[in-house]
Amino acid sequence: NAGVTQTPKFRILKIGQSMTLQCTQDMNHNYMYWYRQDPGMGLKLIYYSVGAGITDKGEVPNGYNVSRSTTEDFPLRLELAAPSQTSVYFCASSRGLAGDETQYFGPGTRLLVL
Amino acid sequence: DAKTTQPPSMDCAEGRAANLPCNHSTISGNEYVYWYRQIHSQGPQYIIHGLKNNETNEMASLIITEDRKSSTLILPHATLRDTAVYYCIVRPMYSGGGADGLTFGKGTHLIIQP
């Protein structure tokens with residue numbers, strides 16, 4: 001049981017380039033989340049999904065897109081990279097059950113936009 | 001979500017019990033207390049959660065006061081690998097999936113001294 005896995009671990013992008021951050025979970029969790037964490041700051045929710053085919057915006061969705069075609073995968077797409085998107089990105093998942101909303105996080109993707 | 005207050009930093013000797021306090025005086029009856037930690041450069045890690053009874057798992061114990069206005073996370077035998085930022089988070093019993101995500105405050109930076 002690998003939990004939540006993310007690829008790549010680290011990436012440098014030039015301004016205007018695009019990329020997809022991959023996230024996979026093998027716990028059969030319904031809910032999945034994307035957060036970003038800027039240096040010395042807390043996590044901010046970008047997008048979340050409550051099941052395959054269902055996604056919704058979080059606190060900071062601008063500049064990102066997501067899709068959820070399967071229960072396991074929740075990729076995050078950056079279309080036109082900007083320096084403001086330099087951050088560490090964490091994917092998380094949870095069962096989404098009443099009384100247990102524990103979120104399990106992946107190891108993160110460090111993104112540097114130059 | 002109810003606001004939490006934690007000391008910014010604490011030291012603990014290796015092998016001793018680390019007791020991390022958290023105040024959540026505005027907690028409501030249907031809100032759980034969750035504890036997560038984030039070791040430098042890693043994804044947040046779930047530790048434990050509880051409603052009103054004390055809880056224990058393989059990582060830690062959670063002691064919640066009878067009035068539920070504060071709690072203490074106990075790491076019984078701290079090791080150097082427990083050096084991390086510890087976050088106390090209050091969450092509703094069921095938030096419906098997380099449009100608000102997890103809100104990590106500043107947490108407590110626990111430093112385990114050899």
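In what follows, chains are A, B, ... by sequence order, proteins preceding strands, each numbered from 1.
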- From B:Ser41 atom OG to A:Lys9 atom NZ, the distance as rounded to the nearest 0.5 Å: 12.5 Å

- Message: With a 6.0 Å cut-off (strictly less than), is the heavy-atom count around CZ of A:Arg77, excluding the residue itself, greater than 12?
- Response: yes

- Look at the side-chain heavy atoms of Ile, Leu, Val, Met, Phe, Trp and Tyr, link any pair under 4.5 Å apart, and say whether A:Leu21 and A:Tyr31 land in one connected group. no

- Query: Which region of A:Gln6, side chain (C-beta onward) or backbone (N, CA, C, O), has a non-hydrogen atom less than 4.5 Å from a non-hydrogen atom of chain B, or is it both or neither?
  - Reply: neither

- Hey, is CE on A:Met27 packed in by over 12 heavy atoms from elsewhere, all under 6.0 Å? yes

- Item | Between OH on residue B:Tyr87 and CG on residue A:Leu43, distance to nearest 0.5 Å | 7.5 Å

- Item | Residue pairs involving residues 20-29 of chain B (criterion salt bridge (charged side-chain N to carboxylate O under 4.0 Å, His left out); sequence neighbours excluded) | none

- Note on the structure: For residues 33-53 of chain B, the salt bridge (charged side-chain N to carboxylate O under 4.0 Å, His left out) pairs (sequence neighbours left out) are B:Arg37-B:Asp82

- Message: If I take atom CD from residue A:Gln103 and atom CD from residue B:Gln45, how far apart are they, to the nearest 0.5 angstrom?
- Response: 14.5 Å

- Task: To the nearest 0.5 angstrom, please state how far the CZ atom of A:Phe90 sits from the CD atom of B:Gln38.
- Result: 5.0 Å

- Task: To the nearest 0.5 Å, tell me how far B:Tyr46 OH sits from A:Phe105 CZ.
- Result: 13.0 Å

- Hydrophobic cluster membership, A:Val60 vs A:Leu111, 4.5 Å side-chain cutoff: yes

- Message: Distance check, rounded to the nearest 0.5 Å: B:Ile47 atom CD1 versus A:Thr102 atom OG1?
- Response: 11.5 Å

